[in-house]
Amino acid sequence: METSKLTVDLGSRSYDIIIGYDFLETLGKQLRALGFKGKLLVITDENVFPLYGDSCMKGLKEAGYSAKIEVIPAGEGSKSWSAADKLLTSALEFVMDRDSGIVALGGGVVGDLAGFVAATYLRGVAYVQVPTTLLAQVDSSVGGKVAINHPRGKNIIGAFYQPRLVLIDLKTLETLPVRELRTGMAEVVKYGIIRDRSFFDYLHEHLNPSLEQEKDFYKHIVYRSCVIKAEVVSEDEREGGIRAILNFGHTLGHALEAATSYKHFNHGEAVNFGMLLASRLAHMQGILDKESLKIIEEMLFRMGFKELPPGLTAAEIKEGLKYDKKRRGEKLVFILPEKIGKVRIYTDIPGSLLDRLIDEFLKEFK
Ligand code: NAD
Ligand code: GLY
C-alpha cells in the first residue's frame, strides 16, 4: 500500500501526517529527514510494547538514534501527575536536552500523556505521535491537545502543543480489540455528520456492523478523518470557535461517562449515544428534518449501542452535564446538526426539551 501524506497547516508549526501500512520501522528515517538530532524517549504502554516496541526501537537504532523506551500501565489511570512525574524523571536520568525528542507509541492515553511530558520537559521538547488505536489515528494524535487528568475531571491539566509528525501505521489496527475499533469508529462517523456529507454517504454504504473491512476502507476513513480534523485545527487551533464542532455528541456523551463514573462505557460508546441524543435534540428543536434524523439513527444503530447500566437516572445524567468544559456560566453549549454534513453551536436549548429528551431516552434504552 502506498503511503499518503497530508499537512496540518499551522504556519511555522505545520506538520505532516503520514498514513501507510506496515512501515513503523521507517520512523527513524522520517525523524532524520525532519532534522531530529538528539536522544529519543519512546513512551508506550504495556499492551502496545510487546506488539510494536521492537520494530519501533529497531527503526530508531538503525537510523543511529540513542533511544530509550518507557512502558506505562495501560488505561486512563496513567494520565496522572504520578505517571508524568516518573516520565520526567526518566527523561532527566537519560540526560535529555533541548535537542532530544519524545515518541508517543500507543493510543490516546499514551499520546496525551507523552505530549504533556514533551510540552513541559525543559519548557518543551519536540515530539511525534505514532498512534496505534483507531481513535488516536483519527482524533487524539492530531491537533496538539495534550493533557493529564485531575481527580475532579478529565483532561483538566494540559496544553495545546503540536507534534512535529504523526505517523500512522494502519497495520497496528489488526491487533486492536474490536471494542476499541468501535470507539474510534464513533469519531469517524462524527466527522461525516459534522462536515462531510459525501464521507457520511460512503460510510453509510460501506460500514458493516462487524467492522471487518478491507484495508482500503481503513485507509480511506483514516485519511478522510485526518483531512477534516486537520482543516478544523488549522482554522481554529485553540478552540476559540469552530474547533468546538469536534465535540459533536460529546456533551451528552461525557455526561453519560461522568454519570457512570467512567466505568461502564468507553469513550466511543458514550459518544455514540451522545450523537444520537444531539441529533434527536436538533430534531425536537426544529433544526434537523425527520428524514436526516432517520438516516443518522440508522447509521448509529448499525454501530450498536451498549446497554445502559441498571438504575441510571435522569438526575445523574444532568449532574454529569454540569462539568462540561464548553459550558458558559449557566448555559449549556450543544453542537447540533442542521443537516448531515453541517453542524452549528447552540446555547439556547430550553431545559424542558432536554428533560424530555433524557426521559424518553431512559425509557427506550432501560
Ligand atoms: P487507550 O490509549 O487507552 O487505548 C485503548 C486500549 O488499546 C489500551 O488498552 C491500549 O493498551 C490498547 N492498544 C493500543 N493500541 C493497540 C494495538 N494496536 N493493538 C492492541 N491493543 C492496543 O485509549 P484510546 O481510545 O486510544 O484513547 C483514549 C484517550 O484519548 C482518552 O484519555 C481521551 O481523553 C484521549 N483523547 C484525546 C484527544 C485529544 O485531542 N488529545 C481526543 C480524543 C480522545
Ligand atoms: N478531540 C477534540 C479536539 O481535538 O478538539
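In listed order, ligands and their atoms are each counted from 1. In this text the structure is predicted, and so the values were computed from the model without any measurement.
Ring centroid separation for the pair Y127 and Y161 comes in under the 6.0 Å cut-off. Taking the centre of each ring, Y65 and F36 stay at or above the 6.0 Å mark.
Defined by atom type and a distance below 3.5 Å, a donor-acceptor pair is missing between the side-chain atoms of Y121 and S100. Side chain to side chain, D9 and T7 fail the donor-acceptor criterion of an N or O pair below 3.5 Å. Checking D289 against S292 by side-chain atom types alone, a donor-acceptor pair falls below 3.5 Å.
Only one option out of N272, V138, L134 pairs with E187 in a side-chain contact (heavy atoms from CB on, under 4.5 Å); it is V138.
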Once you restrict both partners to nitrogen or oxygen, which atoms of ligand 1 have a protein partner under 3.5 Å, and how far apart are they?
{"from": "ligand 1", "atom 1": "2 (O)", "to": "G108", "atom 2": "N", "distance (Å)": "3.1"}
{"from": "ligand 1", "atom 1": "2 (O)", "to": "V109", "atom 2": "N", "distance (Å)": "3.0"}
{"from": "ligand 1", "atom 1": "9 (O)", "to": "N47", "atom 2": "ND2", "distance (Å)": "3.0"}
{"from": "ligand 1", "atom 1": "11 (O)", "to": "D45", "atom 2": "OD1", "distance (Å)": "3.2"}
{"from": "ligand 1", "atom 1": "11 (O)", "to": "D45", "atom 2": "OD2", "distance (Å)": "2.6"}
{"from": "ligand 1", "atom 1": "11 (O)", "to": "N47", "atom 2": "ND2", "distance (Å)": "2.9"}
{"from": "ligand 1", "atom 1": "15 (N)", "to": "T132", "atom 2": "O", "distance (Å)": "3.3"}
{"from": "ligand 1", "atom 1": "15 (N)", "to": "T132", "atom 2": "OG1", "distance (Å)": "2.8"}
{"from": "ligand 1", "atom 1": "18 (N)", "to": "T132", "atom 2": "O", "distance (Å)": "3.0"}
{"from": "ligand 1", "atom 1": "18 (N)", "to": "T172", "atom 2": "O", "distance (Å)": "2.9"}
{"from": "ligand 1", "atom 1": "18 (N)", "to": "T175", "atom 2": "OG1", "distance (Å)": "3.3"}
{"from": "ligand 1", "atom 1": "19 (N)", "to": "T175", "atom 2": "O", "distance (Å)": "3.3"}
{"from": "ligand 1", "atom 1": "19 (N)", "to": "T175", "atom 2": "OG1", "distance (Å)": "2.7"}
{"from": "ligand 1", "atom 1": "26 (O)", "to": "G108", "atom 2": "N", "distance (Å)": "2.8"}
{"from": "ligand 1", "atom 1": "26 (O)", "to": "T133", "atom 2": "OG1", "distance (Å)": "2.6"}
{"from": "ligand 1", "atom 1": "27 (O)", "to": "G108", "atom 2": "N", "distance (Å)": "3.2"}
{"from": "ligand 1", "atom 1": "32 (O)", "to": "E76", "atom 2": "OE1", "distance (Å)": "2.7"}
{"from": "ligand 1", "atom 1": "32 (O)", "to": "E76", "atom 2": "OE2", "distance (Å)": "3.2"}
{"from": "ligand 1", "atom 1": "32 (O)", "to": "K79", "atom 2": "NZ", "distance (Å)": "2.8"}
{"from": "ligand 1", "atom 1": "34 (O)", "to": "K79", "atom 2": "NZ", "distance (Å)": "3.0"}
{"from": "ligand 1", "atom 1": "34 (O)", "to": "N155", "atom 2": "ND2", "distance (Å)": "3.4"}
{"from": "ligand 1", "atom 1": "41 (N)", "to": "D112", "atom 2": "OD1", "distance (Å)": "3.0"}
{"from": "ligand 1", "atom 1": "41 (N)", "to": "K145", "atom 2": "O", "distance (Å)": "2.8"}

Between ligand 2 and the protein, which N/O pairs are shorter than 3.5 Å?
{"from": "ligand 2", "atom 1": "1 (N)", "to": "D139", "atom 2": "OD1", "distance (Å)": "3.0"}
{"from": "ligand 2", "atom 1": "4 (O)", "to": "K229", "atom 2": "NZ", "distance (Å)": "2.5"}
{"from": "ligand 2", "atom 1": "4 (O)", "to": "R243", "atom 2": "NH2", "distance (Å)": "2.8"}
{"from": "ligand 2", "atom 1": "5 (O)", "to": "K145", "atom 2": "NZ", "distance (Å)": "2.8"}
{"from": "ligand 2", "atom 1": "5 (O)", "to": "R243", "atom 2": "NE", "distance (Å)": "2.8"}
{"from": "ligand 2", "atom 1": "5 (O)", "to": "R243", "atom 2": "NH2", "distance (Å)": "3.3"}

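Within a 6.0 Å sphere centred on CD of E364, other residues, nucleotides and ligands contribute more than 12 heavy atoms.
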Could you give the side-chain donor-acceptor pairs of residues 296-307 under 3.5 Å, partners two or more places apart or in another chain?
{"from": "E297", "atom 1": "OE2", "to": "R280", "atom 2": "NE", "distance (Å)": "2.7"}
{"from": "E297", "atom 1": "OE2", "to": "R280", "atom 2": "NH2", "distance (Å)": "3.4"}
{"from": "E298", "atom 1": "OE1", "to": "H204", "atom 2": "NE2", "distance (Å)": "2.7"}
{"from": "E298", "atom 1": "OE1", "to": "R302", "atom 2": "NH2", "distance (Å)": "3.2"}
{"from": "R302", "atom 1": "NH1", "to": "H204", "atom 2": "O", "distance (Å)": "3.0"}
{"from": "R302", "atom 1": "NH1", "to": "L207", "atom 2": "O", "distance (Å)": "2.6"}
{"from": "R302", "atom 1": "NH2", "to": "H204", "atom 2": "O", "distance (Å)": "2.9"}

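The salt bridge (Lys or Arg N to Asp or Glu O under 4.0 Å) search around D45 returns none, not counting sequence neighbours.
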